Amino acid sequence: MLANFSNVGLVTVLLFTAALFSIGLYGAMTRKAAVSVLMSLEIMILAISLNMIALAQFIPGAQMHGWHFALFLMVIGAAEVAIGLSLIVAIYRRVKTSNVEKLQVLRDEE
Amino acid sequence: MLSMIAFGVLALIILTAAIKCVSSRNVIHGAYWLLLCAVGTAGMTWFLGAEYLAIAQLLIYAGAVGILTIFTVMVTHRSLAQASREVKLSWSVLVLALGFFGLIAYGVIATPQLAQFTTAAEPIPFAEFGMTLFNLDGYTFALEAAALVLLVAIIAAVWWTKSDKAIKDVERSTSIGDAGDSPQAKQNETEASADEKDEDDAEEGDHAS
């Protein structure tokens, strides 16, 4: 194989995924469009799933469990995106904005 | 050495894509950068030795999630002016994110046990992975639970994004909420009753401001 990351080392990968997670964290807390917040959450989930796979590959005997965790994390991520995006569409239909800072009403004003 | 360089290049691509995704003014550009980030992550998963998961990640994140995100941006942002927002650097959040990274990095580096894991194990055959997934002693119940989660997510997504007319019917029957006031919403409710239109016109002032 041309490139195989089998001797990169666990610490390098963990530091990289921590950086990726921090970028997602920054985005989730600063972006104003609801879709952008969800995209930042998506980056965080990508980082976590990469973390799981790295731990599975590098720690002896953990491979099977790590793969399963990564697989279930993917399912949770897909479900979260489906619900999140449909909620954004529903909220947008109702209040005509997807700016999370304008969504401050907890109940309908009649 | 070669693998270190390849890892660095791939990591740089992913981090750049993530930063551009978080910082791009235009939401749809952010969605495209997220696609690149997902493809890069799938590539890294592949080279870490989990080929099957890499393909699944490519299909789910780069395929389904990316396209779904782009479609949602298209539905919720009608004009370019709506899609692009000014992006200001928030120093407090930046400090928080960097502090989080520093904390994790300190934890990783200060744990000497982690440094001994330098070589990856040989990938287990995929058939074995599938056997544990569908084995009653393995992960079958977790798999069924995951399937249930996905089913509930699908039903919830369909429920939330039902057509405007269905929402109008629900609103009429429960008499809560205000109707939409954008031109498109107006078009959609041409067949709706006239008294609702009056409500829209009265509320147009609030939303425009």
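Note that the structure is a prediction, hence the values are computed from the model and not measured.
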### Query
Are A:Thr12 and B:Met4 side-chain neighbours, meaning at least one heavy-atom pair lies under 4.5 Å?
yes

### Query
Quick one: of A:Leu25, A:Ile76, A:Leu50, A:Thr17, who has the most non-hydrogen atom pairs under 4.5 Å with chain B?
A:Leu50

### Task
Would you sort out whether B:Phe117 and A:Leu55 count as a side-chain contact (heavy atoms from CB on, under 4.5 Å), showing the intermediate values?
CA-CA 9 Å; B:Phe117 302 119; A:Leu55 286 168; over 6 Å; no

## Note on the structure
Between the CD1 atom in A:Ile53 and the OG1 atom in B:Thr45, the distance rounded to the nearest 0.5 Å is 4.0 Å

### Query
Which bit of B:Leu89 comes within less than 4.5 Å of chain A, counting heavy atoms only: side chain, backbone, both or neither?
both

### chain A contact via B:Ile104 - side chain, backbone, both or neither, heavy atoms under 4.5 Å
side chain

### Task
Name the member of A:Ala78, A:Ser22, A:Gly27 that forms the most heavy-atom pairs with chain B at distances under 4.5 Å.
A:Ser22

### Task
Could you walk me through whether A:Leu71 and B:Phe129 pass the side-chain contact (heavy atoms from CB on, under 4.5 Å) test, one step at a time?
CA-CA 11 Å; A:Leu71 194 68; B:Phe129 176 68; 4.1 Å; yes

### Task
Output yes when a side-chain donor or acceptor of A:Tyr26 lies under 3.5 Å from a complementary backbone atom of B:Ser90, and no otherwise.
yes

#### Entry: pair A:Val89-B:Trp160: side-chain heavy atoms closer than 4.5 Å
no

### Query
Looking at B:Ala145, B:Ala146, B:Ala17, which has the largest count of heavy-atom pairs under 4.5 Å with chain A?
B:Ala146

#### Entry: Spacing of A:Thr30 atom OG1 and B:Trp91 atom CH2 [to the nearest 0.5 Å]
13.0 Å

### Query
Contact part of B:Ala42 toward chain A, heavy-atom cut-off under 4.5 Å: side chain, backbone, both or neither?
neither

### Query
Is the closest side-chain heavy-atom distance between B:Tyr139 and A:Phe72 below 4.5 Å?
yes

### Summary
If you tally heavy-atom pairs under 4.5 Å between each of B:Ala142, B:Ala38, B:Ser23, B:Ser92 and chain A, the highest tally belongs to B:Ala142

### Task
Let me know if B:Tyr61 has heavy atoms under 4.5 Å from chain A in its side chain, its backbone, both or neither.
side chain

### Query
What pair of heavy atoms forms the shortest contact from A:Ala82 to B:Leu68, and how long is it?
CA-CD2, 4.3 Å

### Message
Looking at every non-hydrogen atom in both residues, tell me the closest pair between A:Ala79 and B:Ala153 and how far apart they are.
### Response
CB-CB, 3.7 Å

### Query
In terms of heavy-atom proximity below 4.5 Å to chain A, should B:Ile5 be classed as side chain, backbone, both, or neither?
neither

### Point-to-point distance, once rounded to the nearest 0.5 Å, from CG of A:Leu10 to CD of B:Gln113
12.0 Å

### Task
Could you look at B:Glu128 and say if it's the side chain, the backbone, both or neither that has a heavy atom under 4.5 Å from chain A?
both

#### Entry: Student check: side-chain heavy atoms of B:Phe71 and A:Leu85 closer than 4.5 Å
no

### Message
To the closest 0.5 Å, what do you measure between CD1 (A:Ile23) and SG (B:Cys21)?
### Response
10.0 Å

### Portion of B:Ala64 that has a non-hydrogen atom of chain A nearer than 4.5 angstrom
neither

### Task
Pick one of side chain, backbone, both or neither for A:Phe58, based on which atoms fall under 4.5 Å of a heavy atom in chain B.
both

### Query
So, for B:Leu133 and A:His68, which heavy atoms are closest and what is the spacing to 0.1 Å?
CD1-CD2, 3.1 Å

### Query
What option among B:Val158, B:Thr41, B:Leu103, B:Val152 has the most heavy-atom pairs under 4.5 Å with chain A?
B:Thr41

### Task
Among the options A:Glu80, A:Met64, A:Met29, pick out the one with the most heavy-atom pairs lying under 4.5 Å from chain B.
A:Met64

#### Entry: Distance, nearest 0.5 Å, that separates SG of B:Cys37 from CG of A:Leu46
5.5 Å

### Message
Shorter than 4.5 Å, heavy atoms on both sides: which option in B:Val149, B:Ile154, B:Thr132 has the most such pairs with chain A?
### Response
B:Thr132

### Query
Pick from B:Ala105, B:Gly66, B:Ala97, B:Ala56: which one has the most heavy-atom pairs with chain A under 4.5 Å?
B:Ala97

### Query
Any side-chain heavy atom of B:Leu53 within less than 4.5 Å of one from A:Met74?
yes

### Query
Checking B:Ile60 against chain A: side chain, backbone, both or neither under 4.5 Å from a heavy atom?
side chain

### Message
Looking only at the aromatic ring of each residue, does the gap between the centers of A:Phe21 and B:Phe101 stay below 6.0 angstrom?
### Response
no

### Summary
Here the pair of heavy atoms bringing B:Gln57 nearest to A:Ser49 is NE2-OG, 2.7 Å

### Task
Write down the atom of B:Ala18, the atom of A:Leu20, and the distance for their closest heavy-atom approach.
CB-CD1, 3.6 Å

### Query
Roughly how far apart are B:Thr161 OG1 and A:Leu87 CG, rounded to 0.5 Å?
9.5 Å

